[in-house]
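Sequence lines set the chain letters: A, B, ... in the order given, protein chains first and strands last, and positions in each chain run from 1.
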Amino acid sequence: MRYNRWFTPWVLVIPALTWLLVFNLWPSINTVILSFTNARPIGGGHFVGLKNFETLLHDEQLRWALLNSVIYMVVCLPFLTVLPLLLAVLVEKKLPGITFFRTAFYTPVVASAVVVALIWQWILDDRGLVNGLAEKLGVISGPLPFLSDQWLLLLSAISLTIWKGLGYYMIIYLAALGNVGRELHEAAAVDGAGPFRRFVHITIPGVRGTMILISILISVSALRVFSELFILSGGKGGPGGRDSSVVMLIQQYSQGFEGNLGYASALSIVLFFVTVVPMLVLARLNRRGAEA
Amino acid sequence: MTTVTERPAQVQDGTTPARRKGSFGFNSVSPREKVVRYLLLVFVLLITIGPFLWQLSTSLKGSGEDIYTRIPQLLPSQPTFHHYKEVTDTIPVWDYARNSLLVAVLVVGGNVIGASLAGFAISRLQFRGRRIVLGLFLATLVLPGEVTIISQYVTVRELGLANTLFGVALPGMIGALNVLLMYNAFRALPLEVDQAAIVDGANAWQRFVYIGLPSVRGTVSVIAIFAFIGAWDDFLWPLIVLTDPNKYTLTVGLQYLSGTFSNNPRLIAAGTMIAFIPIVIVFATLQRFFFKGVEEGAVKG
């Protein structure tokens, strides 16, 4: 049964569909096409066959970028799956003033990555808050080069990403916690299970699906990192460009007379495959867990 | 199960009528737990808000004040708005803010209108190809935006919109995720409501305006808030599209500013606060709707 003329739904859908075709589907196809060319940011370019992909294989910066991405993901995953859940449990109870705390914990999410990266840049500066405090306490004798050492810079960016992500995943967990039956907690409490055991045996299994979803989100966003590393390294990608991420390389090749949109597109294809892997792995884990 | 006897107090608590109220009976908190919880809350608060306060404080510290001192001082001893003035005098920060606002308004408007129209049609109207359309929107979720950003730039350039603010706003004006969120929200409405309206002679448009929209206000506000924040905070895309410093949005302008004033943290701090404070005000004012929307399940994926 139909209650509308045949074209009515299409009139409503067409704007969104146009956007989808022009700004999602066509660019996906065009990325592949471009990757076989040497297109320039100003325009032009012609077919160069597999040249871009050959260059990829010998690109030392890309190797560093991929290594950085893996480190980023591996460090972010445990922290960002666990800490936000603890936070969600903490703000779940509706104590007086809890809305204030929830909003405040969400503030780093709302702030632009550029803003928070500039703030951290100042805090981690050679003469900044962290080094000042650590020297005052006598933990270190000279300032730690958080922003100029290859590994410390990466670590600083990772901490920044974790700090900025806490509130975001907290909110997702908070929504999921609402669906965990209160009766289970009550029953377990009556049976004498303390808060810790209830957390492990009721809360965690209750939010398992959300946890896997969040792991996927964390992995993918760790592989897509850009602003934090870009700003903390002053746009240079650290010593010798070794603190670049794949997205930073894409951005680097998108600009100026040195730019090469063809090569940037080849890098985009690498990025695509890199982000699909954790999605497939975790989706598979999810299915297996659901069957068990 | 033998431990039941250890918990008489709990059981007694539970027998009071308060228990029926659901969220407060079992959730009633002992004074000790309350103290622990508040201590933890304040601890996390320091971690999440501390850096912003430190930046605010730096931006207000007088030029004569030692900001590098070993013993950090949160309160400026010679508070001044001088650095804000200096930043806005040297760099057209207000223009950047206006540019950001323009982009954000376009993105919010586009998403609220485009996504709710499409979401309504896909969930409440019958038509051939409905499933395919839905599938298309779902399929694009797998694709991180950064993967297509280069060819998106090529598209925008071919439309003649490179280095324009409209070019910055355009691709994000109807997000696939938002269409799906609206689809989900509309689907929660019982079909009978539609049928009753049809019996009363309401056409699709009237059903959309008078029945659909009023019942999905929570999701619409979540989409609007997220679209605004996303557009205001976006950095990579405007960085690629805009080449002319006069057209910079705040984030790109800030990066430019930090390069220019790298020797004076007070000025950078003032600049970051100018970008940060508006978005905090927007969020703090609207957080009610945001958290309500979250509870309605708008942010599940």
Can you tell which of [options] has the highest number of heavy-atom pairs within less than 4.5 Å of chain A?
| options | result |
| --- | --- |
| B:Phe208, B:Trp205, B:Phe235, B:Trp232 | B:Phe235 |
| B:Thr272, B:Ile150, B:Thr155, B:Asp194 | B:Ile150 |
| B:Ser116, B:Ala118, B:Pro171 | B:Pro171 |
| B:Ile268, B:Val154, B:Leu170 | B:Leu170 |
| B:Val280, B:Val147, B:Thr243 | B:Val147 |

For atom OH of B:Tyr256, is the number of surrounding heavy atoms from other residues, nucleotides or ligands below 6.0 Å larger than 12?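 Counting other residues, nucleotides and ligands, OH of B:Tyr256 stays at 12 neighbours or fewer.
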So do A:Val274 and A:Val246 actually touch side chain to side chain, heavy atoms under 4.5 Å?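 Side-chain contact under 4.5 Å: no.
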Part of A:Leu20 lying under 4.5 Å from any heavy atom of chain B: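 Interface part for A:Leu20: side chain.
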Where on A:Ile14 is there a heavy atom nearer than 4.5 Å to chain B: the side chain, the backbone, both, or neither?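 Answer is neither: A:Ile14 stays 4.5 Å or more from chain B.
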Residues B:Val179, B:Ile122; criterion side chain to side chain contact (heavy atoms under 4.5 Å, CB included); working and verdict: CA-CA 9 Å; B:Val179 172; B:Ile122 303 172; 4.2 Å; yes
Close aromatic pair by centroid cut-off 6.0 Å: B:Phe226 and B:Phe290: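 Centroid separation for B:Phe226 and B:Phe290: below 6.0 Å.
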Does one side chain, of B:Ser151 or A:Thr31, offer a donor that lies under 3.5 Å from an acceptor on the other?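 Yes, side-chain donor-acceptor contact under 3.5 Å.
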Mind checking the CG-CD1 spacing from B:Asp233 to B:Ile279? Nearest 0.5 Å is all I need.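 Here the rounded value is 5.0 Å.
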